[in-house]
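Read through the structure below, which is laid out as structure tokens, and then see the notes.
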Number of protein chains: 2
Amino acid sequence: MKETSSAVSCGNCSVRRLCLPMGLSDEDIARLEQVTRKKKIIKAGETLFRAGDPFTNLYAIRSGSFKSAVIGAGGDVQVTHFALPGELLGLDAYSGSIHPGYAEALEESSVCVLPFTQLEGLAQQVPALQKQIYSIFSEELKQENEALLLLGKRSAESRLAALLINISSRYSRRGYSASEFVLSMSRMDIANYLGLTAETVSRLISRFQKQQLIRVQGRSVSISDLIALSEIAGTHCSYEG
Amino acid sequence: MKETSSAVSCGNCSVRRLCLPMGLSDEDIARLEQVTRKKKIIKAGETLFRAGDPFTNLYAIRSGSFKSAVIGAGGDVQVTHFALPGELLGLDAYSGSIHPGYAEALEESSVCVLPFTQLEGLAQQVPALQKQIYSIFSEELKQENEALLLLGKRSAESRLAALLINISSRYSRRGYSASEFVLSMSRMDIANYLGLTAETVSRLISRFQKQQLIRVQGRSVSISDLIALSEIAGTHCSYEG
DNA sequence: CGGCTTATTGACAGGAGTCAACGCTGGTGG
DNA sequence: CCACCAGCGTTGACTCCTGTCAATAAGCCG
């Protein structure tokens with residue numbers, strides 16, 4: 001709450017290079033800050049929005065992490081995304097103006113609240129921002145396509161390896177260690193995201209550990225053999241690649 | 001080829017209600033037509049674009065159908081989408097300005113070629129078009145999330161039922177029969193899309209037929225019991241929904 | 001410490017993949 | 001016109017990966 005009116009702005013935000021301001025001039029960033037004033041702190045387990053909530057804001061993650069998920073007709077849940085700082089949440093709600101899924105904080109997190117109508121209006125005036133919004137939409141689509149590839153074609157082993165590498169690379173891109181990090185989500189969340197069960201995930205983690213690929217202590221992970229892990233993640237198919 | 005310069009325009013296009021013009025004024029449609037003049041005919045098996053091609057255009061399907069697919073590091077292919085008339089192809093290429101996957105015609109098809117920079121420029125001037133573009137992006141994201149749900153959580157049976165219903169409803173929305181239609185894609189494409197094998201798909205089709213849910217003759221399908229099929233598609237989970 | 005959720009490990013079963021043979025269909029060329 | 005071929009589709013037998021069920025262990029917070 002105290003941060004609601006803090007001095008933090010896009011210009012000096014630690015994730016500005018990964019977020020909306022990317023590629024914008026200082027002048028444009030100044031204008032962008034008019035719509036990014038509002039911050040919000042979310043505690044672990046709390047939701048940013050729920051399925052069915054009206055769509056009014058996008059949320060840019062400043063710190064922490066989230067899972068987003070959709071809920072099927074039968075009530076079954078699919079985790080669709082683990083979101084890290086610099087990423088935007090809520091894009092899939094624009095059409096229909098209702099959030100089709102929910103976003104839940106995996107740890108204490110801080111977000112920028114972006115009233116979409118304001119952002120939209122600004123983008124109309126600032127072509128570079130417009131492009132950046134398209135780019136984020138498009139990037140999201142590309143990522144989901146890759147997730148589809150993962151779920152559709154790969155073995156359980158390959159999926160987990162791919163997730164570890166994906167998270168590793170995303171942390172490293174933010175300036176953190178690529179080899180040591182904390183998985184803020186539960187085994188069940190990981191399993192759900194990968195289309196597996198918690199037991200399978202647990203067994204795979206144990207196996208990777210026995211194979212000296214990783215070292216795990218609860219939720220903290222240290223990658224020992226990134227190359228081998230990449231190979232497992234990449235190609236483990238029956239036909240030659 | 002003759003259609004390239006035909007009189008067909010957005011204003012009288014048979015799929016206008018599903019395409020970009022939806023919700024635009026006549027005046028705005030007239031402006032949009034300045035960037036939708038070019039049409040293209042694609043024969044079955046030919047590609048609209050390939051993975052790695054530079055991104056210059058979006059394509060709006062006027063008739064026919066396409067599959068779009070991404071190619072993994074190991075060379076494995078995942079069909080991500082079956083596209084029908086009124087739908088847009090190529091959105092995931094904006095960021096990176098390169099097509100991450102390819103789009104292949106499943107039958108002789110006709111598309112509008114939309115040079116994206118022109119479309120972008122026009123959208124900057126026509127807010128309603130801007131909104132429509134956001135909406136399409138967002139809708140696409142929502143659909144991909146549902147696809148993730150399908151691949152991650154559902155049984156083979158449930159997946160195939162869901163695909164049949166999905167295609168049925170999309171055809172019916174376009175004014176065709178909801179119960180009788182032709183699957184323009186091969187069993188292998190279906191299997192790939194659903195994260196299954198061709199054999200499993202074939203077996204399931206046979207089973208559905210024995211259960212009197214559908215009648216199949218080659219690629220033409222007739223749905224006999226939509227209710228039962230929906231139930232299979234919806235909830236077939238172990239825990240109560 | 002005690003009660004809770006989360007994680008690990010094991011035994012077992014079943015669904016979907018794999019391999020393989022065969023039938024069907026549509027196109028091509030003699 | 002028909003024979004041939006190649007690719008697609010169907011069916012069967014068998015295997016194995018992953019889910020299910022269950023018991024135990026390890027964290028976590030009051």
Side-chain angles (χ1 to χ4, degrees), chain A residues 43-45 67 76-79 104 106-108 150-164 182-211 214-221 232 236-240, chain B residues 43-45 67 76 78-79 104 106-108 150-163 182-211 214-221 232 236-240:
Chain A
K43 292 205 200 75
K67 67 173 173 187
D76 47 346
V77 173
Q78 171 71 42
V79 174
E104 180 186 319
L106 296 168
E107 59 195 306
E108 172 137 338
L150 207 66
L151 287 186
K153 294 271 116 32
R154 310 284 241 259
S155 68
E157 182 180 50
S158 179
R159 295 182 205 183
L160 182 61
L163 177 65
L164 290 172
V182 172
L183 292 171
S184 51
M185 68 294 290
S186 72
R187 298 287 192 268
M188 254 196 57
D189 286 337
I190 295 175
N192 186 308
Y193 175 69
L194 296 176
L196 302 170
T197 59
E199 292 94 324
T200 300
V201 169
S202 194
R203 271 186 265 268
L204 288 171
I205 288 178
S206 302
R207 195 203 296 175
F208 284 170
Q209 213 163 357
K210 279 193 197 100
Q211 296 170 328
I214 58 176
R215 267 173 47 80
V216 179
Q217 187 70 258
R219 290 191 179 181
S220 37
V221 177
I232 292 173
H236 223 247
C237 10
S238 44
Y239 44 85
E240 295 306 323
Chain B
K43 291 206 203 73
K67 68 173 174 186
D76 47 347
Q78 171 71 40
V79 174
E104 180 187 319
L106 296 168
E107 57 195 308
E108 171 136 337
L150 205 68
L151 286 187
K153 294 271 115 36
R154 310 284 241 258
S155 67
E157 183 180 51
S158 178
R159 293 182 206 183
L160 181 60
L163 177 64
V182 172
L183 292 171
S184 52
M185 68 294 290
S186 73
R187 299 287 193 267
M188 255 195 58
D189 286 337
I190 295 176
N192 187 307
Y193 174 69
L194 296 175
L196 303 171
T197 59
E199 292 93 326
T200 300
V201 169
S202 192
R203 273 187 264 268
L204 288 171
I205 288 178
S206 302
R207 197 203 296 174
F208 284 170
Q209 215 165 354
K210 279 192 197 102
Q211 295 170 328
I214 57 176
R215 266 173 49 79
V216 179
Q217 187 71 259
R219 289 189 179 181
S220 37
V221 176
I232 292 174
H236 222 246
C237 5
S238 44
Y239 44 87
E240 294 307 324

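A note on names: the letters A, B, ... follow the listed sequences, proteins ahead of strands, and every chain is numbered from 1. Values below: all heavy atoms of this structure, side chains included; hydrogens, waters and symmetry mates excluded.
Here the CG atom belonging to A/L163 is positioned 10.0 Å from the CG atom belonging to A/L196, to the nearest 0.5 angstrom.
In this structure B/R207 satisfies the salt bridge (Lys or Arg N to Asp or Glu O under 4.0 Å) test together with B/E157, sequence neighbours excluded. Residues passing the side chain to side chain contact (heavy atoms under 4.5 Å, CB included) test with B/S202: none are found, sequence neighbours excluded. With sequence neighbours excluded, the residues that form a side chain to side chain contact (heavy atoms under 4.5 Å, CB included) with A/A162 are A/L150, A/A233. Judged as a side chain to side chain contact (heavy atoms under 4.5 Å, CB included), and not counting sequence neighbours, the contacts of A/R203 are A/E199. Scored by the side chain to side chain donor-acceptor pair (under 3.5 Å) test, A/E107 finds A/S65 as partners (sequence neighbours excluded). Residues forming a ring-ring contact (aromatic ring centres under 6.0 Å, His included) with B/Y193 (at least two apart in sequence, or on another chain): B/F82.
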Please list, pair by pair, any protein nitrogen or oxygen found under 3.5 Å from a nitrogen or oxygen in nucleotides 11-17 of chain C.
from, atom 1, to, atom 2, distance (Å)
C/dA16, OP1, B/A156, N, 2.8
C/dG17, OP2, B/T197, N, 3.4
C/dG17, OP2, B/T197, OG1, 3.1
C/dG17, OP2, B/T200, OG1, 2.4

Atom pairs under 3.5 Å: protein N/O with N/O of nucleotides 25-30 of chain D:
none

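Only A/S186, A/R187, A/M188, listed by number, bring a heavy atom of residues 185-194 of chain A to less than 4.0 angstrom from any atom of DNA chain C.
You'll find the side chain of A/D76 reaches within 4.5 Å of the side chain of B/R154, heavy atoms only.
For the residue pair A/T200/A/T197, the side-chain donor-acceptor check at 3.5 Å is satisfied.
Applying the salt bridge (charged side-chain N to carboxylate O under 4.0 Å, His left out) definition to pairs two or more places apart or across chains, those involving residues 187-196 of chain A are A/K67-A/D189.
For the pair B/A198 and B/M188, the tightest heavy-atom approach, listed with the atom from each and the gap, is CB-CG, 4.0 Å.
For the helix from C/dC1-D/dG30 to C/dG30-D/dC1, the rotation axes defined at the first and last 5 base pairs enclose an angle of 40°, given to the nearest 10°.
Remark: A/R219 is in phosphate contact with C/dA7, judged by side-chain N or O atoms under 4.0 Å from OP1 or OP2.
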